[in-house]
Novice: 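Mind looking over this structure? Questions follow.
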2 protein chains.
Amino acid sequence: MSAIGFHPHNHDSCIKTGVSAAAKTCTAQGLQLTEVRRRVLEILLERHRALGAYDILEVLRSEGLGSQPPVAYRALDFLTKHGFAHKIERLNKFIACSDIGGDHTPAFLICTGCNQVAEAHLEAGTGRLSKAAAAAGFTIERAVLEAEGLCETCRGQTAA
Amino acid sequence: MSAIGFHPHNHDSCIKTGVSAAAKTCTAQGLQLTEVRRRVLEILLERHRALGAYDILEVLRSEGLGSQPPVAYRALDFLTKHGFAHKIERLNKFIACSDIGGDHTPAFLICTGCNQVAEAHLEAGTGRLSKAAAAAGFTIERAVLEAEGLCETCRGQTAA
DNA sequence: GCAGATCTGTTATACTATAACAGCTTTGCT
DNA sequence: AGCAAAGCTGTTATAGTATAACAGATCTGC
Ligand SMILES: [Zn+2]
Ligand SMILES: [Zn+2]
Ligand SMILES: [Zn+2]
Ligand SMILES: [Zn+2]
């Protein structure tokens with residue numbers, strides 16, 4: 001429930017934890033966490049912010065892991081499909097999941113000041129949107145919840 | 001609060017009501033509802049579904065109202081900026097606001113069966129996302145709330 | 001009527017994403 | 001091991017979405 005992401009923290013552990021959690025899930029579900037896929041996840045975890053597909057491709061290219069768009073998009077499809085990463089629709093960018101493993105309804109707080117994106121995990125089916133959908137007889141299969149605004153730090157700087 | 005949009009209804013009145021509400025708002029706020037802008041709003045109201053910018057451009061072109069992308073995008077920027085239309089981020093498409101005039105936080109129900117999009121109007125600042133944001137010291141300026149799934153009709157057809 | 005602001009038309013280009021096909025690798029089975 | 005099916009990768013080409021920049025037209029307030 002708490003929205004981490006706007007606070008400094010030790011980052012190496014983020015990366016290791018994220019990759020190993022993904023590896024574990026893949027093993028359990030018979031999925032292949034291949035070289036490219038693992039590396040894309042690492043890149044997202046390393047940068048710890050939303051990246052465009054072509055940003056990622058540039059890194060892959062520099063490492064000899066693939067140089068054409070489909071390589072990046074396929075890896076991202078895999079990662080997003082299985083919940084290891086998410087697409088931020090508002091930005092057309094991708095970000096590593098901050099809680100790889102659990103089945104969740106992610107929501108994002110996008111700071112327009114520092115461009116950081118924080119992921120909040122909400123309980124599914126308990127909000128106003130769910131109620132409105134239920135009232136209309138609509139069955140939700142996937143939700144995009146993204147808020148733009150200012151994080152605490154950036155807001156302070158604007159006010160000051 | 002109720003999500004209209006998945007039910008048949010008389011449409012001419014939608015169009016007239018929408019345009020005149022927009023015209024009224026523009027007069028009140030000193031905005032210019034020019035030929036192109038009005039026509040784009042009409043097109044969105046007529047079709048009553050989400051349209052891509054290039055779909056709209058095609059219509060404009062056929063009517064001699066502008067043939068280059070910026071013409072459509074500028075009109076859409078105007079309409080979305082002032083709440084006469086909304087962009088559906090998940091689809092990269094645009095739709096006329098179903099309640100032109102009121103200041104609102106729109107949420108959308110996107111049916112993957114029939115491609116219809118219904119707009120629900122939620123009260124701002126009362127949901128889980130707002131609470132999560134407040135807890136993180138984050139100030140929301142704009143929210144994207146989009147749910148994909150099946151409307152009542154399409155769900156019935158799938159089940160049957 | 002004039003100055004400033006705003007809107008339109010146009011060219012060019014940037015950015016985002018996928019189709020399609022050939023070849024390689026892994027997996028599961030015998 | 002040998003084989004077939006499924007899945008992954010590399011590549012070319014192309015589709016789809018969006019904006020920068022500048023010149024000219026129109027509207028607005030004075
Ligand atoms: Zn997540
Ligand atoms: Zn910030
Ligand atoms: Zn609306
Ligand atoms: Zn439907």
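Bear in mind that the values here come from a model prediction, so they are computed numbers and not experimental data. So that the names make sense, note that chain A is the first sequence line, chain B the second, and so on, each numbered from 1. Side chains are part of it too, since the values below use all heavy atoms of this structure and drop only hydrogens, waters and symmetry mates.
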Novice: Given axes from five pairs at either end, by how many degrees does the helix from C/dG1-D/dC30 to C/dT30-D/dA1 bend, rounded to 10°?
Specialist: 40°
Novice: Hey, which of these two, B/A53 or A/E35, hits DNA chain D nearer its 5' end, going by closest nucleotide?
Specialist: A/E35
Novice: Which pairs of donor and acceptor atoms, one on a side chain in residues 70-83 of chain A, lie under 3.5 Å apart (sequence neighbours left out)?
Specialist:
residue, atom, partner, partner atom, Å
A/T80, OG1, A/L76, O, 2.8
A/T80, OG1, A/D77, O, 3.1
A/H82, ND1, A/F78, O, 3.0

Novice: Could you pull out all residues at least two apart from A/C114 that satisfy side chain to side chain contact (heavy atoms under 4.5 Å, CB included)?
Specialist: A/C111, A/Q116, A/C151, A/C154
Novice: Does a donor on one side chain sit under 3.5 Å from an acceptor on the other, for B/H48 and B/E46?
Specialist: no
Novice: Near DNA chain C, under 4.0 Å by heavy atom, which residues of residues 67-78 of chain A?
Specialist: A/P69, A/P70, A/Y73, A/R74
Novice: What is the distance from CG of A/L33 to P of D/dC8, rounded to the nearest Å?
Specialist: 11 Å
Novice: Show every side chain to side chain donor-acceptor pair (under 3.5 Å) that has at least one partner inside residues 17-34 of chain B, sequence neighbours left out.
Specialist: none
Novice: Tell me every residue that passes ring pair (Phe, Tyr, Trp, His ring centres under 6.0 Å) with A/F138, counting only those two or more places apart in sequence or in another chain.
Specialist: B/F6
Novice: Name each donor-acceptor pair under 3.5 Å that joins a side chain in residues 142-150 of chain B to protein atoms two or more places apart or in another chain, with its distance.
Specialist:
residue, atom, partner, partner atom, Å
B/E146, OE1, B/R90, N, 2.9
B/E146, OE2, B/E89, N, 2.7
B/E148, OE1, B/R90, NH1, 2.4
B/E148, OE2, B/R90, NH1, 3.0

Novice: Within the 4.0 Å heavy-atom criterion, would you say A/L65 contacts the bases, only the backbone, or no part of the nucleic acid?
Specialist: sugar-phosphate
Novice: Return a table of donor-acceptor pairs under 3.5 angstrom between the side chains of residues 57-66 of chain B and protein atoms on other chains or two or more places apart.
Specialist:
residue, atom, partner, partner atom, Å
B/R61, NE, B/S67, O, 3.4
B/R61, NH2, B/S67, O, 2.5
B/S62, OG, B/V59, O, 2.7
B/E63, OE1, B/R39, NE, 2.8
B/E63, OE2, B/R39, NE, 3.4
B/E63, OE2, B/R39, NH2, 2.9

Novice: For the CD atom on A/E152, are there more than 12 heavy atoms of other groups (residues, nucleotides or ligands in this structure) within a distance under 6.0 Å?
Specialist: no
Novice: Under a criterion of less than 4.0 angstrom to any heavy atom of chain B, what are the 5'-terminal and 3'-terminal contacting nucleotides of DNA chain C?
Specialist: C/dT6 to C/dT11
Novice: List the residues meeting ring pair (Phe, Tyr, Trp, His ring centres under 6.0 Å) with A/F108, not counting sequence neighbours, and say none if there are none.
Specialist: A/H86
Novice: Atom CD of A/E63 to atom P of D/dT9: distance rounded to whole Å?
Specialist: 15 Å
Novice: Under the side chain to side chain donor-acceptor pair (under 3.5 Å) rule, collect the residues that match up with A/T126, sequence neighbours excluded.
Specialist: B/R128
Novice: Applying salt bridge (charged side-chain N to carboxylate O under 4.0 Å, His left out), name anything that partners A/E35, two or more places apart in sequence or on another chain.
Specialist: A/R38
Novice: In terms of the nearest nucleotide of DNA chain C, which residue is placed more toward the 5' end: B/V36 or A/G52?
Specialist: B/V36
